[in-house]
Amino acid sequence: MFYAVAPEGEKGGTLRALARDGSPAGEVEHVDDLVAAVAERERGSAPRWVWASTARLYPRLLRAGVTVGRCHDLELTEALLLAFEGRPGESRSVGAALARLRGLPPPEEEPAEVEGEQQLLFGGEVAPPVEALVEVHAAQLARMEGRLRLLAAAESAGGLIAAEMSHEGLPWRADAHDELLTGLLGPRPAHGLRPRLLQELADRISAAFGHPVNPDSPQQLVKAFAGAGFSVPSTRAYVLKGISHPAVPAVLEYKELSRLHTAHGWNWLDAWAKGGRFRPEYVVGGVVSGRWATRGGGALQIPKVLRRAVVADPGHVLVVADAAQLEPRVLAALAGDAAFTEAAAQGDLYAALAEVFTGTPGGPSARDKAKIAMLSAMYGGGTGEAVQLLSVLKQRFPAAFEYVESAARAGERGELVRSLLGRTCPPASAEYRDLITTEAGRHAAASRGRFTRNFVVQATAAEWALAFMALLRPRLPAGAHLVFFQHDEVIVHTPQAEAEAVTRALHTAAAEAARLLFGDTPVAFPMEAATVSCYADAK
DNA sequence: TGAAGCCTATTA
DNA sequence: AACTTAATAGGCTTCA
């Protein structure tokens, strides 16, 4: 059922079979080649592997060509449990968890990753022994009831998927990227210089002001506009669009191109798109809501214009799929609001909601208003027109409205809120309760209310996405791989002949994820899937 | 000179 | 009309 596995030394390690309740079901086995031992048992009984950290152990297995089906990631699970218990600041490491079990003081800070991955992976001193894994694992099982167990399983599956996606990489054509940059910015400049077209824009900006202005400095820009009689509170694009000074068009264009150059220019290309693949490092559960973060490469902020560089290998295609209007659908399923659930059973949720709103001629349509109202309800907005739209929402969909309202009020009172499966928001700070009696405190309370209001929806949506990917993974045909994930969107790189099978798997997994989380809810979770050679050609 | 924080842009 | 949720990241500015 379970196999605990701890690396030891350069290549070796220890294993121990565990029963369903986590108790030892065999002796400790020492092996000289841990990767080979894992591969052999995976081919045999395909156990659920219990290890300290997928992120540290699994890449080594993947490099050796070994994949596993299921695991229990002790660190990811410990983080979930600590958050659930209202103490997210404590260390998630196996050593710290063991110390807490035994009532001992926390161990010394773990050594930094000085020797790189290798040291952390199989360095016997760093990795906790298998006995520690077994003890912490059994205790974690005892701390979790049904929903948390499902969450831990989903999070652990996420860890496997994240490592596999980094290993596989997103197909990235450096030549297409370079061509795009050269077309927009001019040829690649020498180190430290502006590309030609950026420099020309900078010169035009200085000329328009009649004196040198560095467009990279908001301070200088604000001063320059003030000197020309335009007092602006900031240099944000939407602010500048509202004033009529001859420098504005060049400033806006400069901002756009400069962003591309500094964030995703040639330096990025050199650093991140080696060997025709972009390999971001995904951080599972890196966001408190359970969304993933990435380290380096800004993988979740890739500008849409660069999708042109994401091209399938010869004989392959990309199946690009996103869950349409995921968050409002999640709210519908969570709240069980009868009228709202009925709308969420439709393919276009906002269009279905539009029936209760009235469009403004020349202004937002009824569908636009439905969307604004929904987003305001989930984000805690409510300025201007949204106030009226929210009251319509409250009147027609009282249960859905009450669901997010009560999460907001709980947050304002300083309480914890949880997702469907039990992912838990961080507690309010120690000073929070005293603070909320003051004027600044009311601001803090409103802010925390907006956070918890959004948390319950965003965190449950992240759970749906995690379940979706975990269910999709074993259904993918041979040769097809998940290569990108961005909150509610996935890309599968697959041999062309398997594209239809991949698309079927996507739809099946979406339906299964909905059933796993919400039972037989009538809410639909449609996937919009496109089969393309280039990411830019999807929708 | 380096750290910390501000400003701004990008994504869902 | 204007900025409400969650993030990452680079350049600039301020400060020790």
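First the proteins, then the strands, lettered A, B, ... as listed; each starts at 1. Values below: all heavy atoms of this structure, side chains included; hydrogens, waters and symmetry mates excluded.
A ring-centre distance under 6.0 Å is not found for W172(A) and F484(A).
Residue-nucleotide stacking is not present for Y379(A) and dT4(C), judged by a side-chain ring centre under 5.5 Å from the six-membered base ring centre and planes under 30° apart.
Using a 4.0 Å heavy-atom distance criterion, A293(A) is classed as a sugar-phosphate-only contact. Within the nucleic acid shown, Q486(A) comes within 4.0 Å of sugar-phosphate atoms alone, with no base atom in reach, counting heavy atoms only. Using a 4.0 Å heavy-atom cutoff across all strands shown, A299(A) reaches no nucleic acid atom at all. Among the heavy atoms of the strands, none lies under 4.0 Å from R453(A). Note on Q219(A): only backbone sugar-phosphate atoms sit closer than 4.0 angstrom, heavy atoms only; bases stay farther off. Within the nucleic acid shown, F451(A) comes within 4.0 Å of sugar-phosphate atoms alone, with no base atom in reach, counting heavy atoms only. Residue-level contact check: G286(A) touches neither bases nor backbone, having no heavy atom under 4.0 Å from any strand. Heavy atoms of G297(A) sit under 4.0 angstrom from primed sugar atoms or phosphate atoms, though from no base atom.
With dG11(C), dT14(C), dT8(B) as the candidates, the nucleotide lying closest to the side chain of D216(A) is dG11(C). Nearest nucleotide to the side chain of Y238(A), out of dT4(C), dT13(C), dA2(C): dA2(C). Of the listed nucleotides (dA6(C), dT8(B), dG11(C)), dT8(B) has the atom at the smallest distance from the side chain of S234(A). The side chain of R307(A) has dT11(B) as its nearest neighbour among dT4(C), dA6(C), dT11(B). Proximity note for T235(A) (side chain, C-beta onward) versus dT14(C), dT5(C), dC7(B): the nearest is dC7(B). For D488(A), the side-chain atoms get nearest to dA12(B) when compared with the rest of dT14(C), dA12(B), dA7(C).
For the pair S217(A) and dT13(C), the criterion of a side-chain N or O lying under 4.0 Å from OP1 or OP2 is met. Phosphate contact (OP1/OP2 of dA9(B), side-chain N/O of K304(A), threshold under 4.0 Å): absent. The side chain of N214(A) places an N or O atom within less than 4.0 Å of a non-bridging phosphate oxygen (OP1 or OP2) of dC12(C). Listed pair Q301(A) / dA12(B) fails the phosphate criterion, with no side-chain N or O lying under 4.0 Å from OP1 or OP2. Put simply, R450(A) has a side-chain N or O that comes within less than 4.0 Å of OP1 or OP2 on dT5(C).
Ring geometry for W292(A) against F485(A) counts as perpendicular: the plane angle is over 60°, on a 0 to 90° scale with 30° as the lower cut. Ring orientation note: the planes of F209(A) and H211(A) are tilted relative to one another, at an angle of 30° to 60°.
Using a 4.0 Å cut-off between charged nitrogen and carboxylate oxygen, R409(A) and E402(A) count as a salt-bridge pair. Contact check on R308(A) versus D537(A) returns a salt bridge, with a Lys/Arg side-chain nitrogen under 4.0 Å from an Asp/Glu carboxylate oxygen.
In the interface, the side chain of R236(A) is not paired with the base of dA9(B) through any donor and acceptor atom under 3.5 Å apart.
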